[in-house]
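Just below is one structure, and these are the notes that go with it.
A note on names: the letters A, B, ... follow the listed sequences, proteins ahead of strands, and every chain is numbered from 1.
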There are 2 protein chains.
Amino acid sequence: MTAPNTEILAKAIQQLSATSAASLAQLCIAAAPRVLSKREALHRAGKPCESVWFVEKGYLRAFQADEAGRELNHCFYLENSFATDLVSLRTHQPSVLTLQAGEPTLVWEWPKQRLLDLYATSIEAAQFGRMLLGYLLLKQERQTRFFQHYGPAERYAHLLREQPALVQRVSVSQLASYLGMARETLSRLRSA
Amino acid sequence: MTAPNTEILAKAIQQLSATSAASLAQLCIAAAPRVLSKREALHRAGKPCESVWFVEKGYLRAFQADEAGRELNHCFYLENSFATDLVSLRTHQPSVLTLQAGEPTLVWEWPKQRLLDLYATSIEAAQFGRMLLGYLLLKQERQTRFFQHYGPAERYAHLLREQPALVQRVSVSQLASYLGMARETLSRLRSA
DNA sequence: GATTACGTGTGACAAAAGGCACAAAATGCG
DNA sequence: CGCATTTTGTGCCTTTTGTCACACGTAATC
């Protein structure tokens, strides 16, 4: 694992919202690096989520346990993604989901309050916040359409085309759960 | 149709983000009322989307035409919702979706640039923008889970529980498309 | 290095959903 | 009001997906 490197973070922020050097530094300083080993939990269901993370290396898996105790995978956050449990973050309710590293992983952690303070005092920081949410919302809308109007075969084909890295790095059973199909169905789609 | 009434709009804004009277007025003044008759298009696929709307009365349907020419319903915006085509709004690309009134409808329209100007000059307006996006993102995440991990029967039951008004007001074929199932499947679920 | 646990592929069957056809009901329009 | 058009419900059959069972290979453990 290479040493934490604020430059990657800074680049990701700049990419979302052109920001002055001063505001950029404010945002970067507000985040602390955190290293996770494979399968280590970054955030556990049951606790309120109080942070936003940025994945520099490795990846995170967000999942929820259903009534039967099976894991429902919500999504994966690969390198260069911003992750949080927005539901818990906004509602202050305990999280239903767990964030876990799928590989040795390096993230940057922002305490929620730190971000809110910045947003309230700096219009540039606020703009970054808006841009980040806008970007996430756009992705999430695409995600919804993906599940709303595609069947299992189309979903797998689409994922293979758009995110081949994800298909490589994640186990078949976790991918199947993410794709909303039975493990066996995905296994058959793969061998077809 | 009752006359346009800024108070409903003001209330919706306040509910998202506590805002001073001055900022609130700025936001309200920036929007213009617009009346639509049933089936009238508010925004057509092919044009870039340059506005954000708030639905005061009636409802909007967002749909896309697939390769076969069938309409894929993305979602419905009932009273008190904020609507736009975020993909087009952010990317400046022509829209793939059309927004159409499902009933005689009254909306408030914000030109995108007006909002951006406000966001750039007022930290309170920027906060409203962030709150709105956060709220929409939260809803959209729920929406994704809904399609990702629920089957047709669960989806219908859930919708009936959470949004009975929608089920009443929208035709079966449009609802089915929205729910990601065949018209016949929904028809059978209803009579079960 | 043998043993165990786990993840994955695959066959057989059951259940669910889709597609087509058509009749009944509702809606729109002159 | 009555005719035409659209929408909805339903039977029949096909296709797809899920479930269960088990074999195989790989990786973890002692």
- [ ] Strictly below 4.0 Å, heavy-atom distances to any atom of DNA chain D: list the hits from residues 167-184 of chain B, or just say none.
- [x]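 Correct list: B/S171, B/V172, B/S173, B/R183, B/E184.
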Open item on the list: What residues from residues 153-165 of chain A pass a heavy-atom cutoff of under 4.0 Å to DNA chain D?
Closed with: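 None - not one residue of the stretch has a heavy atom sitting under 4.0 Å from the strand.
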Task: Side-chain donor-acceptor pair present, B/T98, B/H43, cut-off under 3.5 Å - done: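 No pair is found: no donor N or O on one side chain lies under 3.5 Å from an acceptor on the other.
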Open item on the list: Under a 3.5 Å cutoff, is there a donor and acceptor pairing between the side chains of B/T19 and B/Q14?
Closed with: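 B/T19 vs B/Q14: no donor-acceptor pair found between side chains.
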Open item on the list: Using the salt bridge (charged side-chain N to carboxylate O under 4.0 Å, His left out) criterion, which residues pair with A/E141? Sequence neighbours excluded.
Closed with: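 If we apply the salt bridge (charged side-chain N to carboxylate O under 4.0 Å, His left out) test to A/E141, skipping adjacent residues, there are no hits.
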Task: Spatial distance of atom CD1 (B/I13) from atom OG (B/S17) [nearest 0.5 Å] - done: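 One gets 9.5 Å once the value is rounded to the nearest 0.5 Å.
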Open item on the list: Return the CD to CG distance between A/E154 and A/L189, rounded to the nearest 0.5 Å.
Closed with: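 Spacing of CD (A/E154) from CG (A/L189) equals 11.0 Å.
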With a 4.0 Å cut-off, would you call [X] and [Y] a salt bridge?
| X | Y | answer |
| --- | --- | --- |
| A/K38 | A/E103 | no |
| A/E79 | A/R169 | yes |
| B/E71 | B/R61 | yes |
| A/R90 | A/E50 | no |

TODO: Tell me, yes or no, whether the heavy-atom count around A/Q15 atom CD, taken from other residues, nucleotides or ligands under 6.0 Å, exceeds 12.
DONE: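 No, the 6.0 Å shell around CD holds no more than 12 heavy atoms from other groups.
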Task: Pairwise ring pair (Phe, Tyr, Trp, His ring centres under 6.0 Å) hits with a residue in residues 117-141 of chain B, at least two apart - done: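 Matches after skipping sequence neighbours: none remain.
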TODO: Please find out if less than 6.0 Å separates the ring center of B/F54 from that of B/F82.
DONE: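 They qualify: ring centres under 6.0 Å apart.
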Open item on the list: In this structure, how many angstroms lie between the P atom of D/dT19 and the CG atom of A/L186, rounded?
Closed with: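 Roughly 14 Å, once rounded to whole Å.
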Task: Spacing of A/R70 atom CZ relative to D/dG18 atom P, expressed in whole Å - done: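 Atom-to-atom, A/R70 to D/dG18, this comes out as 12 Å.
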Open item on the list: Is B/S187 close enough to D/dT8 that one of its side-chain N or O atoms is under 4.0 Å from OP1 or OP2 there?
Closed with: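 So the side-chain polar atoms of B/S187 never come under 4.0 Å of the phosphate oxygens OP1 or OP2 of D/dT8.
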Give me, pair by pair, the N or O atoms of the protein and of nucleotides 12-16 of chain C that are less than 3.5 Å apart, along with how far apart they are.
| residue | atom | partner | partner atom | Å |
| --- | --- | --- | --- | --- |
| C/dA12 | N6 | A/R188 | NH2 | 3.3 |

Open item on the list: Is any side-chain heavy atom of A/T144 closer than 4.5 Å to one of B/F147?
Closed with: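 Answer yes - side chains close enough.
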TODO: Return the nearest nucleotide to the side chain of A/S191; candidates are C/dG9, D/dG9, C/dT10.
DONE: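 So the nucleotide nearest the side chain must be C/dT10.
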Hey, what are the protein-to-nucleotides 25-30 of chain C N/O distances that come in under 3.5 Å?
none

